[in-house]
Structures are given as structure tokens and as C-alpha cells.
Amino acid sequence: MSEDLPLILSSCHRYQKGIAYALQGENNVSEVFQSSQLESLRSRLKQKYEDLLLNNIEFAVKNDVDRQLWKYAFYAIIEKYRKGVKKQQEEDVHLELLFHDFLQEAQGFYISLVVSLGVKYDIPYYSTVDFTVTLPQDPRTISELQKLAIRTARRVILYVGDLARYGCKLGFLGAQQADVARREASRYYEMAHCLDPTEGSPQNQLGVLWTTAADPDNIRIMYYYCRSLAAKTPGPTAAANMKAFLAKYRKVETAPSAPSVSRTDLAALRQSRLIHCQQFKIGFVRVHDVIYNKLSLGSNEWRPTSFETECNVVLENFDRLLICTWVALVEGQDTKHDKGAIDCTQLLYIMLINMFAVHNSKTKGNDSTHLDCAVYLCLRQISQFFLWTAQFMSSLTHLDILESVLIVAKVILQWIVGENTLKLFAEKRGVQSVQKMWNAVAFFLNALYELDMATVPPAGNVRLREDFSLEGFGPLNHTADHKMNMDMDGDAAGRISTRIQQCLSMGQYLVSHSNASLLISIDGSTFLTWSSDGRQIAPVLDEVARLPNNTREAFRNRELVMKAMAQQRLQAEVQDLEIAAANVPSVIMPAYLILDSSCFTTALNSVKEIIKSKKFVVILPLATISALDALKKGNDKVNKSAREATRFLENEFKEGLPTLKSQSRDESMDVPDEVAAQDLEIDAKRILSCCVYFSKNNASKRKDLVWLLSADKALLAAASSQGISATQILSFVRMWKPRAKKQGN
């Protein structure tokens, strides 16, 4: 085929000229979508270019085939439609429907092309069944041919995102349908970013996309532009889009003033939170406008106050919003849809925007004044976040919320570890601000030790979702490590514990770092900071960050109520530990552990640690093995966990561990009639019959040496009714680990 390549390219150029000529002569836009001549030319061009991309990727990339395909077969039609719509006096639904059908056809063509590229060039990033970008392999293992295919696939997915974005603007779509189209476009842009994090175009397109939302989130939009600008190859229009976005807020009137409310008056503060949120978001954008565009720090016609005054107002509003946010989080509310609070995603965006401001001010120009402003704002907001997080983190009753909070904290610590301007800033002008940040960091790290989840076995040396999604972001480039394994589908408790351990490890690293004013006690149990007179002290709360006693009492009461209501969060129930302790003497640990399938699908890391410890005889009922086998098929998290669990067990059985055994068919006993009559699943009854057998036929003939671990409440209750110790696996781990540590095991 190589000899025919120039001829094929020449024929494509003829088709392109034919398309351009046909569009130039067609004045009726609706005829563009119904012209058989134009459709024939487009069809031939698509076929030829697709063949080139799939059969000779080097030639296709060299001749910019994917761009030519987009320009003539699709974008030229889109531009013709746009110009035609502008000339019309009123909305033409029929024309919009024709354009909608064209967009759907174009998306179908490109999605098919992406899948074909993945199959043809064995791109490791694709699942060709449902077209999802999965975890990347180590880039060093990818061939040059694959790199070219990935580069092409990234651009093709960008085109798919653009097509979905054009569909958002169709007038006949309702608000809900437009939002669905917008989220679909967002998904494609995120996929394109995953394929090549060094390219900033997908993030720039995300910023453009969300400016068209019915209620645009300025924090989110600014974050996307910052991400694009901080990439190794920024989006071509990102800088212009960022400037236009910031300039727009110079003309926006400041939100109405909130009534004078004390930050300790929780009820009044919550009532005025909407105004505080509006003030914060507008002020935050304006402050970054000054830093990014290096504007005057004094007052002017659009900013009647000085930068310092406006910055302090932003920090005050941010502090109030953090209080309202933590109140909502502790109560288990969804802050994502609360316009008077900041959800964890927005908190992360705010911190990353600040990091970009510092990074951008360092890399562009020698203006140290604006760099100092960026560092000051960043340090103050980091301090506020860590202080409030340390106070309320232990009151959270939902694992997903705790996980989101720890993601923000971990990313901040990663930035602090690699940021070299903090010491210089402290020496020049910001000793107090920097010391407050170290005080807040130490306070937060010490609070981590108090979390129940800190005792759950971590997932090990892994990269988690945030490490992957933030890859390519300039201020955090020092954290990239492709040699680490990926873990995005493990159990929540294991991910949380991993983040806790990573945060504590970074704290210990900072202790030895010359730029850090952070210390650790001799026994390694407490992080310390320097006092103003040079003494080593345990961090204490700044008076500004203290809550009055009545508010603290309200939170203590709320915490008790929320813990009683958190039955759905099985992994974190302290009550289970108390129940388990009541079933057996406190000094006795089991010799036999019987596990059901839920242990493997919800707490696989804990199961692995128990088995590898070789301190217990772990028995796998036949019902557990068959349940895992049935769960292996599918793409949900539970299916992936079942597959990983099966592989792990196969390897362990191959080693012939005497402490791991499967139930044989004769190792079961009939359960009592009152239990058999209960509304239990068949597998649950089979597991219970296994428990009854081993409780009566173990070497010591003692029931208290046999424990059942499960997440099935009905099964646990049925086992307990037969005198068999039963608890959740995470509750068992919290009981076993401290004892094993004390005994040196």
C-alpha cells in the first residue's frame, strides 16, 4: 500500500476541493444536510482518511490527516450552519434537528474510529467494549507506533467532545437535555486529558464548555483554564480565554453586603451563607485577576479598595464558608448542590488555582510583589483549611466525604513538599503567615492519628485517583511516579488509610526538610512546631480558629446523633467492635476466621493482611468461593474486586499455606430450625452451616475460637444467636491490629 499513499492523499485533496466548492455555492443551509453530492464527497473522504489512519499511522501523522479530516468532512459543515443561523430572524427547529442528526452521525464515526485505533495499534488505554479510557501503563513501555496512535486518538476524542459541546447549544433541547450533553462533552475532554496529560487543550475546552452552563461556576471555569496553562503544552487559546474570563468579572457588581454576623453565631452565619458565598467567589476571581495580569495593587475605577483589603475580605468570607461547609459535612448533607457552602471538589479547585498562581508568578517575569501576593493568599487559605479540617474531621460519618477531604489535604501536602518559595517568602516578609501554616499542618497531622481508619491496613505504595487526574499539572509535576501501582477500585477504607499514611509520610519527610518549620516528638507520636521564642511546642489552635464552648457542645451532641444514625457506613461502626468484644472474653482472639464474599468485595486489603499474617486459620466456605466466581463477570467495582480476590486466593492456595483452607463438602452441619426458618439467602445459610460445624469440631471444641466475618447484618445476627462470634472485618482489624502490635506480632 506504501506506493499508493501519495495517490490516495492526492485523491483526498480533490474531495476536499469538491466539498469546499459545494459549500461555497450552497446558500440554503438546510440543503447542506440533504445534498447527495456533498454527502458522497464526505463519505469518500472519510473512508480514505480512515484507511490511512488505520493502515499507516506514521504517514497519516506526518500529513496531518486527522486535522484535514475534521476540517473538511465536519467542521466546514458546522461553520456553514453557524453562519446560516446568524442570518435567520427566528429559530428554525427543523434546521436544528438536521444539525443535531449531523452531530450524532459525526460522533458515531469518530467513536468507531477511536475504538478501531485502539484495536489496530493495541493501545493499552482503551476498553474497546464500552469505549472508556482506563488506567495507563508505564509510558516507558509504549512503542513509538503506539505513541503516534495515542496522539491521534487524543485529538479524535477532542473532536468528539467538541461535537457534543455544539449540541448543548441547540435551542430545542431543554435545560436537562442540554446539561446531559454538556456532561457527555466533559467526559470526552477528560478522556483526552487522560491519554496525554502534558497537553492543555482538553482542559481549555472544559473551561469553554462550562462557561455555557445555565449557572456557570466561576471557580470551576478558572480551574480548567489554570490547568491548561500549567500543562507542558498549554491550550493555544487558553491564555486569551483566561484573560477574557477575568476581565468579565471587573464589570460584575460585588454581591450585596452580608449583615454583620459573628463567626461564632452559627445560626446567623448559616442564614447569610449565600451572600458570603457570592462575595467570596467574585472576590476570589478579582484577586487572581490582579495576580495573573499583574495589575496595580492599589484602588482604581473598577476596584474601589486596595488589593490587601479585598484579599482580607476574601479570606474572611472563605473562613465563614468553611464553617458552614463543615457543619453541613458533619450532618451528612450534600454540599455539592448547596450554593451557600463549598463542596470538597471546589475546595480542591481553590487550592489548585492558588498553586497555579504561585507557579505562574514564578515562571513568568521578575515581579516579586505579585508572587508574594500569590504565596500569601495560598498560605492563608491552606492554614484555614487545615485548622477547620483538624477540628471536625473525626466527626464525619460518611466514608466518601472523609475520602474527599483527605484528597484535598494530600494534594496540599504534596505541593508543600515540592514548593521552594516558602522559605524565601518567610525570610522576606511572611514569617508569621508561614509559621501559621506550619502550625495548621502539624495540628492536622496530629488529628490524623485519632481517626479510626488510621488502623485499617493501607493499600501500600500506590497511585490513587487524584495522582492520576492531576498528572501534568505544573505545580505538582514533582509528585509523578509511573513506577507506582495504580489503585482506584479497592475498598474505600483501604484508600482512606492509604491517604492517611501518605499524609503522615509527607509530614515526616518535611520534618527533615530544611525549608520546613516542622518537628516530631522523640517517640514519633506528635508533630511539633516552633514557638515565637524558639521553643519546640505542640501546635495549639489560634484563638481566631477556636469555636465557643456552646458551639463545640452542639457539635459533640450532633456527632453522637450522627454516629447512631450511620448504620449504612458499616466499616466505621464503633458499635460493632463493642458487640464483638461482648461475645468473647476480651483476652481471647479467634483461631479460626470464616469469611463470606462481602469481606473480599468491600475490604480486600484487610483480608490480604489477615491471610498473610498467618495468625489465624482462614476458612473459605464453598458458598463464598462460588459467590466470588459469580461476581467476576462485569465492570463494576464489586466485579473488579471479585476478580482480584480470586487471583489472590489462587496464588495463596498454590503456596500451600496451612493457615488457608477451603471448606470440604462434609464440613457442614444442619442449622437449627429457628435459624433455617429465617429469611436468609441460601448462601448465607450455607455459610452458617459451615460456622456451626467448625464451632463444634475445632481442636479445642470451643465456640469462642471460631469467628464469622461478614457485612451481612442478618447473617451476623443469625450467627450470634447460635453463640458464634460474628463481626465486620474492619471492626475485627481495629481490634486485632493494636493487640498484635503490643505483642510484637
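Keep in mind that the numbers below use all heavy atoms, side chains included, and drop hydrogens, waters and symmetry copies.
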* Looking only at non-hydrogen atoms, find the nearest pair between Cys378 and Val358 and report the distance. => CB-CG2, 4.3 Å

* Asked: Side chain of Ser361, backbone of Ala357: donor and acceptor closer than 3.5 Å?
  -> yes

* Side chains of Trp388 and Met393: does their closest heavy-atom pair fall under 4.5 Å? -> no

* Hey, what do you get for OG (Ser505) to NZ (Lys410), rounding to the nearest 0.5 Å? -> 11.0 Å

* 4.5 Å side-chain heavy-atom contact, Arg220 and Gln346 -> no

* Asked: Do you know the tightest heavy-atom contact between Ile729 and Ser606?
  -> CD1-CB, 4.1 Å

* **Side chains of Gln414 and Met355 in contact at under 4.5 Å (non-hydrogen atoms)** => no

* **Pairwise side-chain contact, Gln391 with Phe443, heavy-atom cut-off 4.5 Å (strictly under)** => yes

* Glu316 side, atom CD; Gln384 side, atom CD - distance, nearest 0.5 Å -> 9.5 Å

* Asked: Can you tell me if Asp319 uses its side chain to pair, donor with acceptor, with the backbone of Leu315 under 3.5 Å?
  -> no

* Thinking salt bridges, do Arg183 and Glu190 make one under a 4.0 Å N-O criterion? -> no

* Asked: Once you round to the nearest 0.5 Å, how far does CG of Leu470 lie from NE2 of His193?
  -> 7.5 Å

* **Side chain proximity check, Ile500 to Tyr449, heavy atoms < 4.5 angstrom** => no

* Using atom types as modelled and distance alone, determine if a side-chain donor or acceptor of Asp343 lies under 3.5 Å from a backbone N or O of Thr345. => yes

* Closest contact, heavy atoms only, Gly507 versus Leu445 -> CA-CD1, 3.7 Å

* Asked: Do the side chain of Gln381 and the main chain of Met351 share a donor and acceptor less than 3.5 angstrom apart?
  -> no

* Could you walk me through whether Asn360 and Leu229 pass side chain to side chain contact (heavy atoms under 4.5 Å, CB included), step by step? => CA-CA 9 Å; Asn360 188 62; Leu229 290 166; 5.8 Å; no

* Structure fact -> Heavy-atom nearest pair, Phe245 first then Asn218, reads CZ-O, 3.4 Å

* For the residue pair Cys344 and Ile407, establish whether any side-chain heavy-atom pair is separated by less than 4.5 Å. => no

* Yes or no on salt bridge (Lys or Arg N to Asp or Glu O under 4.0 Å) for Glu419 and Lys362, after CA distance, side-chain angles and deciding distance? -> CA-CA 11 Å; Glu419 186 51 50; Lys362 284 194 303 182; 3.0 Å; yes

* For the atom pair CG (Leu209) and SG (Cys168), what is the distance rounded to the nearest 0.5 Å? -> 5.5 Å

* To do: Indicate yes or no for a side-chain donor-acceptor contact from Arg499 to the backbone of Val405 under 3.5 Å, with no hydrogens or angles considered.
  => no

* Structure fact -> To the nearest 0.5 Å, atom CG of Asn354 lies from atom CG of Leu379 at 9.5 Å

* Asked: Looking only at atom types and distance, does a side-chain atom of Asn241 sit under 3.5 Å from a main-chain N or O of Tyr225, one as donor and one as acceptor?
  -> no

* Are side-chain heavy atoms of Cys226 and Met242 found at a separation under 4.5 Å? -> yes

* For the pair Asp289 (side chain) and Val285 (backbone), establish whether a donor and an acceptor sit closer than 3.5 Å, ignoring hydrogens and angles. => no

* To do: State, yes or no, whether a side-chain contact exists between Leu206 and Tyr223 at a heavy-atom distance under 4.5 Å.
  => no

* Could you label the plane-to-plane angle of the Trp326 and Phe392 rings as parallel, tilted or perpendicular, counting under 30° as parallel and over 60° as perpendicular? => tilted

* Go through the steps for Arg187 and Arg182 under the test side chain to side chain contact (heavy atoms under 4.5 Å, CB included), then give the verdict. => CA-CA 9 Å; Arg187 184 169 72 92; Arg182 191 172 293 108; over 6 Å; no

* Asked: Given the rule in the side-chain hydrogen bond (donor to acceptor under 3.5 Å, both in side chains) test, do Gln278 and Asn317 qualify, once you have shown the distances and angles that lead to the verdict?
  -> CA-CA 9 Å; Gln278 283 181 296; Asn317 285 319; over 6 Å; no

* Apply ring pair (Phe, Tyr, Trp, His ring centres under 6.0 Å) to His288 and list each qualifying residue two or more places apart in sequence or on a separate chain. => Phe284

* Asked: Going through the checks in order, is the side chain to side chain contact (heavy atoms under 4.5 Å, CB included) test met by Asp217 and Ile221?
  -> CA-CA 6 Å; Asp217 180 354; Ile221 294 167; 5.7 Å; no

* State whether the side chain of Ser383 and the backbone N or O of Ala440 hold a donor-acceptor pair below 3.5 Å, judged by distance alone. => no

* Asked: Which value, rounded to the nearest 0.5 Å, describes the distance between Leu377 atom CG and Ile350 atom CD1?
  -> 10.0 Å

* Step by step, would you call Leu387 with Phe444 a side chain to side chain contact (heavy atoms under 4.5 Å, CB included)? -> CA-CA 7 Å; Leu387 285 174; Phe444 165 77; over 6 Å; no

* Asked: Does Tyr224 offer a backbone N or O that forms a donor-acceptor pair with the side chain of Ser228 under 3.5 Å?
  -> no

* Which atom of Trp415 lies closest to which atom of Pro475, heavy atoms considered -> CD1-O, 3.9 Å

